[in-house]
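Note on naming: letters A, B, ... go to the chains in the order of the sequence lines (proteins, then strands), and numbering restarts at 1 for each one.
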Protein chains: 2
Amino acid sequence: MVMVMSVKSANANHVFRALADPTRRAIFEELTRQGEQTVHALTRYARVSQPAVSKHLTVLKRAKLVRHRREGRETHYRAQPDALTPMVDWLDRYGAFWRDRFDRLEDLLERMD
Amino acid sequence: MVMVMSVKSANANHVFRALADPTRRAIFEELTRQGEQTVHALTRYARVSQPAVSKHLTVLKRAKLVRHRREGRETHYRAQPDALTPMVDWLDRYGAFWRDRFDRLEDLLERMD
DNA sequence: CATAACCATAACCATTCGGTTATGGTTATG
DNA sequence: CATAACCATAACCGAATGGTTATGGTTATG
């Protein structure tokens, strides 16, 4: 059982709260799928104004779910899935993992090709 | 890959929203640990008023995270961890599972004893 | 039967939230 | 150098949120 713990994970509270909003989840999903993105690109994707996107990114940042990298006049954001650990841990404790164990294992093995 | 889908799971949105609040999470955790509980008991546990607890339970009910059973003048609530499936699925897609795949598999096998 | 216990709902309130437009700072471009 | 692009912050606003007290309905109890 390897315990990595590279960065101190944000409060579980922050993670749960950050992902409670659908727009924020959409942004995080987009970053996960498409990789690093400019605020401009994210604004085009999300159907809200640029300041709204900026504020959402701030919340995601607080939860450590995204990192940013300034490059000239644009800021590139990328997802930081490590930060989901508190949520995964929570689900380990209170979740339904004990059920479909076999299904999940099967599924896991399948995806490991 | 067995697909059970006994009850139509609530919107993932509802689940994420419901678990965003720490008091609500605490209630759910308590129900998971201690099993079925009266509203009265939960009120004693949570540090808020009885109506507050009732409202939280309503939100959890909407997310199908709890079930209730009336018995005389008291209502017993119990956790329904199945309802966490949407969140688990979401983590499967966007989560950090792809990383420590092996660690998690190892962990899973370990817990299967 | 009167009273108390349990719970849900109503009514209300302060705060937070998610959105907007306005603005300003920094960097690229014509 | 003037202008445009990119982004964050400020200021503001309506709606949602999480809490409270008040109330009323149902069930148990003295």
Query raised in the report: With distance as the sole criterion, do the side chain of B:Q50 and the base of C:dA8 form a donor-acceptor contact below 3.5 Å?
Result: yes
Query raised in the report: Counting distance only, does the side-chain N/O of B:T75 pair as donor-acceptor with the main-chain N or O of B:E71 below 3.5 Å?
Result: no
Query raised in the report: Does the side chain of A:R25 come under 3.5 Å of the side chain of B:Y94 through a donor N or O and an acceptor N or O?
Result: no
Query raised in the report: Starting at OH of A:Y77 and ending at P of D:dC6, how long is that distance when rounded to a whole Å?
Result: 15 Å
Requested in this report: Under 4.0 Å between any heavy atoms, over every strand shown, what does B:S49 touch: base, sugar-phosphate, or nothing? Just pick one.
Outcome: base
Query raised in the report: How would you label the contact of A:R17 with the nucleic acid (heavy atoms, under 4.0 Å): base, sugar-phosphate, or nothing?
Result: sugar-phosphate
Query raised in the report: Do A:W90 and A:L19 sit in the same hydrophobic cluster, where Ile, Leu, Val, Met, Phe, Trp and Tyr count as joined when their side-chain heavy atoms come under 4.5 Å apart?
Result: yes
Requested in this report: From the options D:dT26, C:dG19, D:dT21, select the nucleotide whose nearest atom is closest to the side chain of B:P51.
Outcome: D:dT21
Query raised in the report: Of all the nucleotides listed (C:dC7, D:dT29, C:dG19), which has the minimum atom distance to the side chain of B:R73?
Result: D:dT29
Report task. Return the value, rounded to whole Å, for the distance between atom NE2 of A:H14 and atom P of C:dT16. Result -> 13 Å
Query - Side-chain donor-acceptor pair present, A:R69, A:Y77, cut-off under 3.5 Å - result: no
Query raised in the report: How many Å lie between CZ on A:R62 and C1' on C:dT16, as a whole number?
Result: 11 Å
Query raised in the report: Given that both distances must come in under 3.5 Å, which nucleotide forms a Watson-Crick or G-U wobble pair with D:dG30?
Result: C:dC1
Query raised in the report: Between B:H76 (NE2) and C:dA8 (P), how many Å, whole number?
Result: 11 Å
Query raised in the report: Using a cut-off of 4.0 Å on non-hydrogen atoms, how would the nucleic acid contact of B:T43 be classed: base, sugar-phosphate, or nothing?
Result: nothing
Report summary line: Separation of C:dC7 atom C1' from B:I27 atom CD1, nearest Å, is 14 Å
**Report entry** Atom-pair distance (CZ on B:R44; P on C:dA5), nearest Å
**Finding:** 14 Å
Query raised in the report: What nucleotide, of C:dG19, C:dA8, D:dT20, holds the atom closest to the side chain of B:A52?
Result: D:dT20
Query raised in the report: Considering heavy-atom distances to DNA chain C, does B:L57 or A:T23 have its closest nucleotide positioned more toward the 5' end?
Result: B:L57
Query raised in the report: With respect to the phosphate group of C:dC6, does any side-chain polar atom (N or O) of B:S54 fall under 4.0 Å of OP1 or OP2?
Result: no
Query raised in the report: For C:dC17, which nucleotide in any strand shown is its Watson-Crick or wobble partner with both distances under 3.5 Å?
Result: D:dG14
Query raised in the report: Does any N or O in the side chain of A:N11 come within less than 3.5 Å of the main-chain N or O of A:H14, such that one atom is a donor and the other an acceptor?
Result: no
Query - Interatomic distance where CD belongs to B:E71 and C1' belongs to D:dT26 [whole Å] - result: 15 Å
Report task. Look through every strand shown and name the nucleotide pairing with C:dG25 as Watson-Crick or G-U wobble, where both distances are under 3.5 Å. Result -> D:dC6
Query raised in the report: For A:R24 and C:dC17, what is the distance between atoms CZ and P respectively, to the nearest whole Å?
Result: 8 Å
